Amino acid sequence: MFAIVTCAMRIKFRYKLLLALTTLTFLVLLVQGILSGSMVLEMLEKRTVASLTREAAGKTQILSHILRESEEDLTILAAHRDNENFFTFRSFQENDGMVDALSGLELFFLRVHEVKPRYDRIQLLTSNGGGPVLQINDGKTVHQYDNFDPENQLRDLASKEKRAVHHVDRGAEGQMDLLSLKALQINGQVEGYLVLRQSIRELVQTMLAELGKAGITAVLCNQQGVRVVATPDYQPRLEPLFRQASSSGEWITVLASIPVLDWSLAVGMPRSESFTLFRNQFIAGLISAVFLVAVMLYFVRKAIQTLKAYNRILEQQVSERTAQLERANEEIRQLNESLKQENLRLGAELMVARQIQQMVLPRQTELLIHDHLDMAAFMEPASEVGGDYYDILQGEDGRLLIGIGDVTGHGLESGVLMLMTQSMVRILFSFPEIEVGMRLELFNRALFANINRMASDKNLTLVLVDYTPGISSDGEYSGAGAGLSPGKDQTEYSPAGHLRISGQHESLLVVRQAGDLTVVDTQELGFPIGLVDNILPYVNATTLTLDRGDVVILYTDGITEAANLHQELYGLERLCQVAVRNRHLEAEEIKEAVVADVKRHVGAQTIYDDLTLVILKQK
Amino acid sequence: MNRWGMILLLAVASWSIQAWSAEELQWTGCGITKTAFMSELAQAFEQKTGQKIVLTGGGAARGIRAVAASSAHLGGTCRARLQDATHSILPEEQNARLIQVAWDALVVIVHPSNPVNNISLDNLKKIYLGEIDSWDTLGGEAKKIALIDREGKESGVGNMFRRLVFNDPNFDYRARSLKVKSSNPVEQKVESFSTAMAIDGVSSARKLGVKILELDGVAPTRDNIRTARYALYRPLYMVVNRQKISPQTQAFIDYALSDAGQEIIAAQGVVNLKDGDDLAKIWHSRFGDQEP
């Protein structure tokens, strides 16, 4: 020790300084390295959480879509008039009448199965323990009914005011059947139920296999928290970790819910795995780079040798080859160009369809020129071309036709059907003598034929609202400034506008100036267009009068079903609240208030459906 | 897109051309009038003048509104035009002119096998109020009454039954009923189901395989209707457009009101204007309708 100290003292001062500087530099680098390392760790964690969230949301979206579509199909099934006929005859204990109604329903159920073969069972049940009365299994009527006790589901239906309830039935042989149930209400009383059954086993297994392939551990749990299915690497000991989203332990986990089914999908990855992933990526990148350099060196070396060997010949042929290369280059350039154009064309096809969809919408100026109504409209297409439709057509004497509808699904086909709808409604509007029912029927016939020709399974909801300015007892229009005037008695009352509503779509909201709200249910006013060849028996119309300051709101399900990060829907209730709160504003301002509220709810989430909104306010 | 648009345009255009064909007159509306005498009247008119008349049903509202909107030359209705809360005629019916051509009566129809023959007006009301729901109360079997109802208050039967029986065109029935879209399926269902009951026009019902009940012991015979002994009588109208009426349309109306036309109506068992002369005075003193 003494010897070392003596030696150090002997070292010259300049070496001491160099040593100190080196030590200091090393320490600085060490601190910087530690800091950078923690930043990299944080970034890695965030990336892993984002990636897991994206994967989980994508998968739950698939299941949510299936549930939504099943609810739409149940609504279509419930709209058939023979449902009510059957239960009415049942209340009369008129057997022949029940048989008559059931035979009508049987044909309809078979037709629905033809269009949607994935429903392997379609069943009609009576309430109060009456049991099943009609059942279609794989497109065939059966008389040995499957028992289905809907009591638990029914309690769920009543408690949550849901449109339909879903339940997954798991058999001993690993079946996974989704049962979707809707109550049939007649005069406010539940008299029966409709049940659709479809297998989701394959869908769920594929979903989990895809997650497994991506190195993600996943578990799908039902409403009781019981595991339904999991990736092979999921072990029971992980259960506590997968119960909640966490990024603090040894696992990074994320939860996504399927609200309608009350199921949850938990996905996760060991923290070390995310580093392994990073390390693997790094190593793979390094190996690739080394390999590439080696390959390049090999070819360069080969090329040099070849060049040397053929140098003279090449020199002789250089001019000829140059010309050939130029030609080849030109061909390749042209080929690239045409490929690029083809890609552009395919992309442009969707863009054009979207643009055409936008082009046929009423112009802002058309909405401003009406004497009796203050109007505003909004349509925002989803990332794909959606099938939303709305139009406002003006006729003589202030007469208006407002149409709003929604073609099932998305994409070019839905967009094209929307365009057909716009054209046909415009043509039919130019024949005011065609009565409401026949107008929808003519439209249905044409669209049904087109849909069949296109071999499409799409259909659409459509409500048509005829607006006529009010007419007073002396025959004059009483639109602007009319209504209930102080001092006038009830016999002098003259509404400022009349609405005739027909066709089946979302509910229509009427907010009176005083704040009273009427939700007009259109389920009984029509039938989906393009599903059956004749909808005339289902078409009805209802009328309403408008007074000054009354607001009418029409919308598509993109508004009410806009979901936020937690898959919570915007909902009709919230739309009603915003409408009532802002009823004193002008139509344009009401529109902006609703759209802003929907956007606020959705946040940064992608909107998967078109958003369409039409506001009418009686001047 | 253009192709689809063109196809629909052509379809609608050909429908319109057909509707306005110079060779044919289009008559539409009240199914009861159509079944009662329109086929015979149109046939006789064609034999006399060579003018063909095409008949389509669809109900009284259609009969009035299609003609008011000029999509048919002629219509038939078994109710007057409707009024709103201010007692103004509804806009879609303003342009129609109603011309009475005959008298009809609302009757209670049941399945031919039903043993009940008579019903009182009071019991009829009670059925629609939901206070009677079984045939045994009316002297029949202990079976529920399957009430079949023409949907909507705007229909000829829906409007007139409410006015004549409940004195209120907007009266809401309290009894449960099976709703159907037009008179024809109402009649078909009563013909098919043994416990069924419905309201129909006598002019149409007597041509069908249904049983017509007496009301307070009075059968709806032609004589009982024209003398107002049968209580639920009502006018039947032809409809023309107020603004434009073609010579052919006018010729048919003239024919329907002529002795020859009225004879044809009477020959179908329907009370014509001459037979129902006394009814007109009672009707107007009772209801003061603006029609014809």
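In the text below, chain A, chain B and the rest are named by the order of the sequence lines, each starting its count at 1. As the structure is a prediction and not an experimental result, all values here were calculated from the model.
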Please check if atom [atom1] in [X] has more than 12 non-hydrogen atoms from other residues, nucleotides or ligands closer than 6.0 Å.
{"X": "B/N167", "atom1": "CG", "value": "no"}
{"X": "B/E131", "atom1": "CD", "value": "yes"}
{"X": "B/K143", "atom1": "NZ", "value": "no"}
{"X": "B/Q250", "atom1": "CD", "value": "yes"}
{"X": "B/E191", "atom1": "CD", "value": "yes"}

Exercise. Does the pair A/F89 and B/F193 meet the rule for a side chain to side chain contact (heavy atoms under 4.5 Å, CB included), with working shown?
Worked result: CA-CA 10 Å; A/F89 275 127; B/F193 305 124; 3.5 Å; yes

Distance (rounded to the nearest 0.5 Å) between [X] [atom1] and [Y] [atom2]:
{"X": "B/R174", "Y": "A/N187", "atom1": "CZ", "atom2": "CG", "answer": "14.0 Å"}
{"X": "A/E94", "Y": "B/K144", "atom1": "CD", "atom2": "NZ", "answer": "13.0 Å"}
{"X": "A/N85", "Y": "B/L178", "atom1": "CG", "atom2": "CG", "answer": "4.0 Å"}
{"X": "A/H498", "Y": "B/D84", "atom1": "NE2", "atom2": "CG", "answer": "6.0 Å"}

Exercise. In terms of heavy-atom pairs under 4.5 Å, which option from B/L147, B/L90, B/D133 contacts chain A the most?
Worked result: B/L147

With a 4.5 angstrom heavy-atom cut-off, which part of [X] approaches chain B: side chain, backbone, both or neither?
{"X": "A/N540", "result": "both"}
{"X": "A/L536", "result": "backbone"}
{"X": "A/R500", "result": "side chain"}

Exercise. Using non-hydrogen atoms only, which part of B/K179 is less than 4.5 Å away from chain A: side chain, backbone, both, or neither?
Worked result: both

Exercise. Side chain, backbone, both or neither: which part of B/S134 has a non-hydrogen atom closer than 4.5 Å to chain A?
Worked result: neither

For this session: Please report the C-alpha distance between B/T195 and A/Q93 in whole Å, then the side-chain angles of each, then the deciding distance to 0.1 Å, and finally whether the side chain to side chain contact (heavy atoms under 4.5 Å, CB included) criterion is met.
Result: CA-CA 9 Å; B/T195 59; A/Q93 298 158 4; over 6 Å; no

For this session: For each of A/L447, A/D96, A/N95, tally heavy-atom pairs with chain B at distances under 4.5 Å, and name the one with the top tally.
Result: A/D96

Exercise. Is A/E191 paired with B/R176 through a side-chain N to carboxylate O contact shorter than 4.0 Å?
Worked result: yes

Exercise. Is B/E151 paired with A/R81 through a side-chain N to carboxylate O contact shorter than 4.0 Å?
Worked result: yes

